[in-house]
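Only one structure is covered here, and it is reproduced in the block below.
Proteins get letters first, then strands, A, B, ... in listed order; numbering begins at 1 in each. The figures that follow rest on heavy atoms only: side chains count, while hydrogens, waters and symmetry mates do not.
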Amino acid sequence: MSAEIPSKYDPIQTEDKWYSYWMEHKLFKSVPDSREPYTVVIPPPNVTGVLHMGHMLNNTIQDLLVRRARMQGKNACWVPGTDHASIATEAKVVQKLRAEGVKKSDLSRDQFLEHAWEWTHKHGGIILEQLKKLGASCDWDRTRFTMDEKYYESVVDTFIDLYKKGKIYRGERMINWDPAALTALSDEEVIYREVNSKLYHVRYRIVGSDEFITIATTRPETILGDTAVCVNPKDERYKHLHGKRAIVPLVNREVPIIADEYVEMEFGTGCLKVTPAHDMNDFMLGEKHKLEIINMMNDNGTISEAGQLYVGMDRFDVRKQIAEDLQNSGNLVKIEELINKVGFSERSDAVVEPRLSLQWFVDMKELSKPALDHVMNDDIKFFPSKFKNSYRNWMENIKDWCISRQLWWGHRIPAWYAPDGQFEVAKTKEEALQQFSQKGIAVDVNSIRQEEDVLDTWFSSWLWPISVFDGFYSDEEVDYYYPTNDLVTAPEIMFFWVARMIIAGYEYRGDLPFRNVYYTGIVRDKQGRKMSKSLGNSPDPLDLMKKFGADGVRVGMLLSSPAGNDLLFDESLCEQGRNFANKIWNAFRLVKGWEEKVDKNLTQSQAAKTAVNWMQSKFNSTLVTLNDDYDKFRINEALMTTYKLVWDDFCAWYLEMIKPPFGQGMDATTYEASVDILEKLLGVLHPFMPFLTEEIWHYLKPRTEGSSICTASWPVSSNVDSNILSSFEKMSEVVIGIRNLRKEKNIPNKESIEMIVRANQEPDKEFDAVIQHLCNIQSITYSADKPTGCFSFVTATAEYFIPFTQQIDVEEEKKKIDAELTYVRGFLKSVESKLNNERFVNNAPTAVLESERKKQSDSLAKIQMLEEQLKALN
RNA sequence: GGGAGCAUAGCUCAGCUGGUUCAGAGCAUCUGCCUUACAAGCAGAGGGUCACAGGUUCGAAUCCUGUUGCUCCCA
């Protein structure tokens, strides 16, 4: 046997073999049937993305949940797919074309889209192939893409529906503008970073006076668009200026001096210039105080005609130039260094420009209400629940959602414009024409044109849990699989995606999209830095899997990642995972090796019988804990529970307890029980380590073609004998005592010894045979008297004696007993101080009191034993 | 500026409704072992003022208040 089964587990060979087997036998395929469904939809990765460590963590957890559910007999359905990721993908295609010397502006929309599709077909789906290496048990027949024909249609239909309901409108609003990508961004696509800036102090002359007022700004170029100066009404320094006017330097425009609580008196000079067209807060001030709006910037970040000066220059060049010009005109008071936060585009990394722009919006106020309520009342549960707070905070202050993007790659907005600018929202040009004519607007096929903009990527992904089941056009699948069960995702996209799926779920299905949301942490490197391409600190997941095996990496990922906490990734975690795999492998080799040593004539030894009984109870009681860990999404604890059950209980204790002495055979009863236990262990291990467990499962017993541990049953807990569990605890104390004694006294393990036990209560002999087996003890005798000429050690309930095999150091022994006495006396003192406290005795619950009294009597007995030992030595 | 969270062993974290000397786990470290499944292993050991200061209580890592430090989200 050992010739066939290698001594080290080799993951590379087995993984591909079993993944093909699983695919071949369609073990992950799901179609609606009479079973309870268990559904998970994958957070669709970018279609042209490659697998990174974040995906590894996220998909390992999903696979774990799905595999367990499948074993529990549920109809497990994990839907994979990809997202068209409009900005990210378009940027990549633009970049690729540029490298080939083609500018996007030289192409027509259709030509560009052709390139984009080509790119998508070439690079799309790589990531899905990589997920298979990880062992992901998705139903690949269901793979969806957010720009699939049907999916595209559902996005467009949703737009039209919301428009008809009055939830979508077109309007001029302050939006985040990306001057590099030339597109609007949603608030969530703006990343704020601290940068070193300069705070320019600029003085404005007061009209009709020689007095100046000094404002402070980090963006002096926007002076060109100033339409007011603002101070805090409570600010004594400026009270005399309320209602007066100031002159904007260089452009010499007269603007009002207004007062508003918004101004912070402590910041800068306590005086603010107001540029409503180029700052969110200034825009609000402008609306409130009815200020003029001067849009002094072009979409590419250069100064427009309205700016009067520096027309056509870039905003950052102007910033330098205007500082000089203000200096020359005598208006620049001083420049301070300042660290402030500046918004950058998530995609192009350009400094975002707040800009007034005509865009499409979703009115979120009403739509979001059920989504808030159903999370707050736990219809949808968040794990960990702390994320409910930020969710509520966001939902209660929700802003309208800017959904138009000035891009080509994506779902084109179904709006049609007449030459005069009037528009109709309709699915097709024909319908649009009809709608125009119904309103008496004379247009024809050639005069109307479709909106150029596409929709925000998230406007398609928010339909994901419905659209993957064709839920907008057919009930068959969606009625069965929806609501899905668990969503596993990163907290970073709680607002982008999770919140909006919940909104769409209630709007279009009248029901929650998923019952539980498990938020994973961010995978960071050992030093706590985010993994990124530029830092080069992210290992390649495929390399890791080659090195440690997919199972090893899976275990490594889960070892230290409690829900919502960041994971400080270190290869040594995968090493630990690989070592665990090897440990299981060797345990299996040991058990399997006994198969040919089974001797039908042998009867089961008492030690083995006890061991089997104990292991069964231990397994069953641990399974209860394990199921509870899963139910509470304590994933890493579920792993640790399993890890200890296998490594400590099964390998370190059980296998040693039943291991026959060298050269002897194994009885059939114990062998069969062991195979049975190992099979159950493989069951609870399978979600963590699918490949290894499948390999061993097939070795362990003859299996029929097509059978798999993937669809074997998750073990069911039964019969927990709590007596044997507590007897085991006592036994392990004794065994550790003997091992220590042997070590201290240099009594080799091979030397068989006697043991005498003096118990202060009815002795627990349950594990005596096991103790003899584990510690090479010839006989255990019980005695009321104290034997002489022995080493000894003491547990809570008994005293153990091993006869001397050589001279002993009396002083050394006395020292040890003294130390133990000191400890137990201290313990007793702390217990008695409680018991002597009348208020404790009167107030503490009976159970607590009783346990204290038990402690008292146990330690009194122990002290007596130790004192006697000491006396005996003297 | 607004909101949320965290602080426990060298590291990563448990510690659920206050109650075993409650101060735990895994890893790392140290010591001894190549013992016939496994050195990717076995047997042991050390290591912490539970951030700080108060308070509530018979009893606080746990509940309350303040302080300090850190993180995240939002503007």
Side-chain angles (χ1 to χ4, degrees), chain A residues 1-2 5 7-9 187-188 190 192 262 264 266-267 280-281 284 341 343 384 386-394 396-397 399 491-492 494-495 521-522 526 528 548-549 552 559-562 564-570 572-573 575-594 628 632 634 636-637 639-641 643-644 647-648 651-652 655-656 659-663 735-736 739-740 742-744 746 748-750 776 823-824 826-831 833-845 847-852 854-855 858-859:
Chain A
M1 197 79 235
S2 52
I5 304 176
S7 73
K8 283 199 162 60
Y9 171 62
D187 292 343
E188 289 72 29
V190 179
Y192 291 88
Y262 166 75
E264 256 180 85
E266 289 74 26
F267 184 80
M280 299 281 178
N281 294 310
M284 275 162 33
K341 286 198 170 175
K386 66 177 178 185
F387 287 113
K388 277 168 75 175
N389 285 324
S390 31
Y391 181 83
R392 181 178 57 198
N393 202 261
W394 191 75
E396 282 177 350
N397 299 292
K399 307 252 165 47
E492 299 163 298
M494 182 159 68
F495 308 128
I522 298 165
K526 218 176 160 182
F548 300 106
L559 268 172
S560 75
S561 55
N565 274 26
D566 288 358
L567 161 67
L568 300 193
F569 182 80
D570 184 2
S572 70
L573 292 167
E575 201 179 325
Q576 197 184 340
R578 179 202 59 182
N579 293 355
F580 185 42
N582 198 48
K583 183 75 186 177
I584 299 164
W585 181 251
N586 278 298
F588 151 69
R589 282 175 60 227
L590 179 65
V591 172
K592 189 69 183 170
W594 289 329
D628 187 54
K632 291 177 176 148
R634 298 177 169 206
N636 67 322
E637 288 191 38
L639 172 57
M640 200 38 75
T641 302
Y643 184 90
K644 286 197 252 188
W647 199 308
D648 298 344
C651 296
L655 291 178
E656 293 301 329
K659 193 189 263 182
F662 184 60
V735 169
I736 287 165
R739 280 175 184 164
N740 279 334
R742 275 187 181 273
K743 196 167 183 181
E744 274 168 30
N746 284 317
N749 286 326
K750 282 177 184 158
N776 192 12
Y823 176 85
V824 182
F827 176 53
L828 179 65
K829 204 174 152 191
S830 90
V831 172
S833 75
K834 273 189 214 166
L835 289 171
N836 292 336
N837 183 340
E838 253 180 65
R839 294 203 285 178
F840 171 76
V841 178
N842 295 336
N843 293 315
V848 174
L849 244 163
E850 266 170 21
S851 107
E852 291 300 312
K854 172 99 172 24
K855 277 189 259 174
D858 280 356
S859 25

Original post:
How does RNA chain B look in dot-bracket form if you count Watson-Crick and G-U pairs under 3.5 Å, write [ ] for pairs that cross, and put | where a base pairs with another strand?
Top reply: (((((((..((((.....[....)))).(((((.......))))).....(((((..]....)))))))))))).
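In this structure, A/K750 atom NZ and B/U36 atom P are separated by 8 Å, rounded to whole Å. Atom P of nucleotide B/C74 and atom CH2 of A/W394 are separated by 10 Å, given to the nearest angstrom. As rounded to whole Å, 13 Å separates atom C1' of B/C27 from atom CG of A/N636. Rounded to an integer number of Å, the gap from CG of A/L639 to P of B/A14 is 15 Å. Going from atom CD of A/Q576 over to atom P of B/U12 covers 15 Å, rounded to whole Å. The interatomic distance linking A/L573 (CG) with B/A25 (C1') rounds to 15 Å, in whole Å. The distance between atom NZ of A/K659 and atom C1' of B/U35, rounded to the nearest whole Å, is 8 Å. If you measure from atom CG of A/N397 to atom P of B/A75, you get 10 Å, rounded to the nearest angstrom.
Among all heavy-atom pairs drawn from A/N776 and A/R742, the shortest one is O-NH2, 3.2 Å. Between A/F495 and A/Y391, the shortest heavy-atom distance links the atoms CE2-CA, 4.0 Å. Residue A/K8 comes nearest to A/N582 through the heavy atom pair CA-OD1, 3.7 Å, listed as atom of the first residue, atom of the second, then distance. Across all their heavy atoms, A/A587 and A/L655 have their closest contact at CB-CD1, 3.9 Å. Of all heavy-atom pairs between A/Y643 and A/Q576, the closest is OH-NE2, 3.4 Å. In plain terms, the two heavy atoms of A/L559 and A/N636 that are nearest each other are O-CB, 3.9 Å.
Looking at A/F588 and A/I584, their side chains never come closer than 4.5 Å, going by heavy atoms from C-beta outward. Counting heavy atoms from C-beta on, the side chains of A/R634 and A/T641 never come closer than 4.5 Å.
Residue A/E656 is in base contact, counting any heavy-atom pair closer than 4.0 Å across all strands shown. No contact: A/F588 has no heavy atom under 4.0 Å from any strand. Across all strands shown, A/K632 has no heavy atoms under 4.0 Å from either base or sugar-phosphate atoms. Within the nucleic acid shown, A/E637 comes within 4.0 Å of sugar-phosphate atoms alone, with no base atom in reach, counting heavy atoms only.
OP1 or OP2 of B/G15 sits under 4.0 Å from a side-chain N or O of A/R634. In this structure, A/N389 does not reach the B/G3 phosphate: none of its side-chain N or O atoms is under 4.0 Å from OP1 or OP2.
If A/L568 and A/E492 are placed on RNA chain B by their nearest nucleotide, the residue sitting closer to the 5' end is A/L568.
Look at the P atom in both B/U17 and B/A61: the space between them is 16 Å, to the nearest Å. To the nearest whole angstrom, the two C1' atoms, one in B/C22 and one in B/G48, are 13 Å apart. For the C1' atom pair drawn from B/A14 and B/C6, the interatomic distance equals 15 Å after rounding to whole Å. The same atom, P, is picked in B/G15 and in B/U8; the two are 14 Å apart, to the nearest Å. As rounded to the nearest Å, B/C13 and B/A9 have C1' atoms that lie 11 Å from one another. Going from the P atom of B/U36 to that of B/A43 covers 14 Å, rounded to whole Å. Nucleotides B/A60 and B/G18, compared at atom P, are 13 Å apart to the nearest Å. Separating the P atom of B/G10 from that of B/G2 is a span of 36 Å, rounded to the nearest Å.
Between B/C73, B/C27, B/A25, one nucleotide has an atom nearer to the side chain of A/K644 than all others, and that is B/A25. With B/A37, B/G5, B/G3 as the choices, the nucleotide that has an atom nearest any side-chain atom of A/N393 turns out to be B/G3.
A side-chain donor-acceptor contact under 3.5 Å links A/N397 to the backbone of A/N393.
Between A/W585 and A/Y9, the angle of the ring planes lies from 30° to 60°, which puts this pair in the tilted group. By the 30° and 60° cut-offs, the orientation of the rings of A/F580 relative to A/W647 is parallel.
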List every contact pair, protein side and nucleotides 40-43 of chain B side both N or O, where the distance is under 3.5 Å.
from	atom 1	to	atom 2	distance (Å)
B/A40	O4'	A/N579	OD1	3.0
B/A40	O2'	A/N582	ND2	3.2
B/A40	N3	A/R578	NE	3.3
B/G41	OP1	A/N579	ND2	3.3
B/G41	O3'	A/K583	NZ	3.2
B/C42	OP1	A/K583	NZ	2.8
B/C42	OP1	A/W647	NE1	2.7
B/A43	N3	A/K743	NZ	3.3

